[in-house]
Undergrad: 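Take this structure, written in structure tokens, and hold onto it; I'll ask about it next.
Counting from 1, the numbers follow the sequence of the chain as shown.
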Amino acid sequence: MNKSTAEKNRPLKISPEQILRELVVQHPQLRSQLEKLGIDYCCGGLRPLSAALQAAGLKWRTVEDKLKQAWNSAQKEAPATDWNAATLTVLAEHILDKHHAFTKEQLLRLDGLLQKVQRAHGEKHGELLNQLRQLFDGLAEELSVHLLKEEQILFPAIKGIDAFMSGTAPRPVVHCGTIENPIRQMMLEHDHAGNVLIDIRKLTGNYRLPADGCRTFAALYDGLQVLEADLHEHIHLENNILFPKSTAQEVMINS
């Protein structure tokens, strides 16, 4: 699943017209830099790079230089896993084992940290923390239901189609009619979760710790940023690779 040495050493060729989804699927090494630039490559992956730059208030030449620097630095490191080359079953299992498990653990941890911070800093930062609590609770509730739907409905259907395509299982019965139906709903929920993450980042001033913030306050903000980054990777793998490839598989077996 790793890129070959020849492919890894190719110079980076990008243009403003390139679709973000295609860019990060072909060059996963660039995700970290896109994250730092505040460019939405997961929920907004169907836009051309130029539209994403306009939305983020960035200039093409600046972004081009930074992406090329990131690409050159990546050549000195171990190649990133090319999940576009994995089977859909392997990719789905990776998402479940890494991202679903992490999200559940992190939400529980952050809930406890937020409780402690509210108790310790509620008198001075009550309004901020109450708003953060409202956003976090809504996100946690939505994600909990979302993950369950993927685990019980969508991913079994995706793996069933993939198994049929590989000749290792009979033709699956997709109880929701077509795989596109739950995928469409999951992508809408991804968009909403992404918007909540943006709201949390704005509310906290890009996670700027108050002058009197304690270690627990810092841990809370750090943990929220880690959750955000992991969800971006999680949604990228689903929106940009797993979902479109599974939809294409279903079209093939029905044609």
Undergrad: With sequence neighbours excluded, give me every ring pair (Phe, Tyr, Trp, His ring centres under 6.0 Å) pair touching residues 31-57.
TA: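 As it turns out, the ring pair (Phe, Tyr, Trp, His ring centres under 6.0 Å) pairs with a partner in residues 31-57, which skip direct neighbours, are Tyr41-His236.
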Undergrad: Do Thr178 and Glu250 have a side chain donor and acceptor closer than 3.5 Å?
TA: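 Yes, a side-chain donor-acceptor pair sits under 3.5 Å.
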Undergrad: Mark yes or no for whether Asp162, through its side chain, and Ile158, through its backbone, hold a donor-acceptor pair below 3.5 Å.
TA: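 Flag not set: sc Asp162 to bb Ile158 has no pair under 3.5 Å.
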Undergrad: Just so I know, are the side chains of Leu53 and Lys59 near enough to count as touching, which here means a heavy-atom distance under 4.5 Å?
TA: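 No, side chains not in contact.
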Undergrad: side-chain hydrogen bond (donor to acceptor under 3.5 Å, both in side chains) between Asn130 and Gln134: does it pass, once the steps are laid out?
TA: CA-CA 6 Å; Asn130 287 338; Gln134 185 175 6; over 6 Å; no
Undergrad: Tell me if the NZ atom of Lys245 is crowded by more than 12 foreign heavy atoms within 6.0 Å.
TA: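 Counting neighbours around NZ of Lys245, more than 12 heavy atoms of other residues, nucleotides or ligands fall under 6.0 Å, so yes.
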Undergrad: Scan the side chains in residues 210-230 for donor-acceptor partners under 3.5 Å anywhere in the protein, sequence neighbours excluded, and list what turns up.
TA:
| residue | atom | partner | partner atom | Å |
| --- | --- | --- | --- | --- |
| Asp212 | OD1 | His125 | NE2 | 2.9 |
| Asp212 | OD2 | His125 | NE2 | 3.3 |
| Glu228 | OE1 | Arg201 | NE | 3.3 |
| Glu228 | OE1 | Arg201 | NH2 | 2.5 |
| Glu228 | OE2 | Arg201 | NE | 3.2 |
| Asp230 | OD1 | His99 | ND1 | 3.1 |
| Asp230 | OD2 | His99 | ND1 | 3.2 |

Undergrad: For Arg208, what residues pass the salt bridge (Lys or Arg N to Asp or Glu O under 4.0 Å) criterion, not counting sequence neighbours?
TA: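 Here no residue qualifies.
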Undergrad: Is there a donor-acceptor contact under 3.5 Å linking the side chains of Gln18 and Glu22?
TA: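 Judged by distance alone, the side chains do not pair up.
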Undergrad: Are the side chains of Ile198 and Asn195 in touch, meaning some heavy atoms are under 4.5 Å apart?
TA: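 Yes, side chains in contact.
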Undergrad: Which heavy-atom pair separates Asn239 from Met187 by the least distance, and what is that distance?
TA: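 Closest heavy-atom pair between Asn239 and Met187: OD1-CG, 3.6 Å.
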Undergrad: Applying salt bridge (Lys or Arg N to Asp or Glu O under 4.0 Å), name anything that partners Lys116, two or more places apart in sequence or on another chain.
TA: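 If we apply the salt bridge (Lys or Arg N to Asp or Glu O under 4.0 Å) test to Lys116, skipping adjacent residues, there are no hits.
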Undergrad: Do the side chain of Asp40 and the main chain of Cys42 share a donor and acceptor less than 3.5 angstrom apart?
TA: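 Looks like yes, one N/O pair under 3.5 Å.
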Undergrad: Would you sort out whether Leu30 and Leu12 count as a side-chain contact (heavy atoms from CB on, under 4.5 Å), showing the intermediate values?
TA: CA-CA 10 Å; Leu30 301 180; Leu12 179 65; 4.1 Å; yes
Undergrad: For Glu93, look at atom CD and say whether over 12 heavy atoms of other residues, nucleotides or ligands are found less than 6.0 Å away.
TA: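 More than 12 heavy atoms, drawn from other residues, nucleotides or ligands, come within 6.0 Å of this atom.
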Undergrad: Can you tell if the side chain of Gln118 reaches within under 4.5 Å of the side chain of Leu113, non-hydrogen atoms only?
TA: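 Gln118 vs Leu113: side chains apart.
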Undergrad: When you compare the side chain of Leu231 with that of Leu143, does any pair of heavy atoms fall below 4.5 Å?
TA: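 Side-chain contact under 4.5 Å: yes.
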Undergrad: Hey, are the side chains of Thr62 and Leu37 touching, using non-hydrogen atoms and a 4.5 Å cut-off?
TA: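 They are not in side-chain contact.
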Undergrad: Does the side chain of Glu233 reach to within under 4.5 Å of the side chain of Glu35, using non-hydrogen atoms?
TA: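 SC-SC contact between Glu233 and Glu35 ruled out.
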Undergrad: Please check if the number of heavy atoms outside Gln131 that lie under 6.0 Å from its CD is greater than 12.
TA: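 For Gln131, atom CD is crowded (more than 12 foreign heavy atoms under 6.0 Å).
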Undergrad: Using a strict cut-off of less than 4.0 Å between a Lys/Arg side-chain nitrogen and an Asp/Glu carboxylate oxygen, indicate whether Arg109 and Glu105 qualify as a salt bridge.
TA: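 So Arg109 does not pair with Glu105 through a salt bridge.
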Undergrad: List the residues meeting salt bridge (Lys or Arg N to Asp or Glu O under 4.0 Å) with Glu142, not counting sequence neighbours, and say none if there are none.
TA: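 Expected list: none.
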Undergrad: Can you see whether His190 engages His146 through a side-chain donor-acceptor pair at a distance of less than 3.5 angstrom?
TA: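 There is such a pair (donor and acceptor under 3.5 Å, judged by atom type) between the side chains of His190 and His146.
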Undergrad: Less than 4.5 Å apart, side chain to side chain, heavy atoms only: is that true for Lys36 and Lys66?
TA: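 Not touching, per the 4.5 Å side-chain cut-off.
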Undergrad: Might you confirm whether atom NZ of Lys124 has over 12 heavy atoms from other residues, nucleotides or ligands at distances under 6.0 Å?
TA: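 No, because the 6.0 Å sphere around NZ of Lys124 holds 12 heavy atoms or fewer from other groups.
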Undergrad: If you define the side chain from C-beta out and look only at heavy atoms, does anything of Leu114 sit under 4.5 Å from Leu132?
TA: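 Contact flag for Leu114/Leu132 side chains = yes.
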Undergrad: Kindly write out the residues that satisfy side chain to side chain contact (heavy atoms under 4.5 Å, CB included) with Ser166, not counting sequence neighbours, or none if the list is empty.
TA: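 Checked Ser166 against side chain to side chain contact (heavy atoms under 4.5 Å, CB included); matches are Thr168.
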Undergrad: Can Gln69 and Asp65 be counted as having a side-chain donor-acceptor contact under 3.5 angstrom?
TA: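 Side chains of Gln69 and Asp65: no pair found under 3.5 Å.
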Undergrad: Could you walk me through whether Leu242 and Phe155 pass the side-chain contact (heavy atoms from CB on, under 4.5 Å) test, one step at a time?
TA: CA-CA 10 Å; Leu242 186 69; Phe155 280 26; 3.8 Å; yes
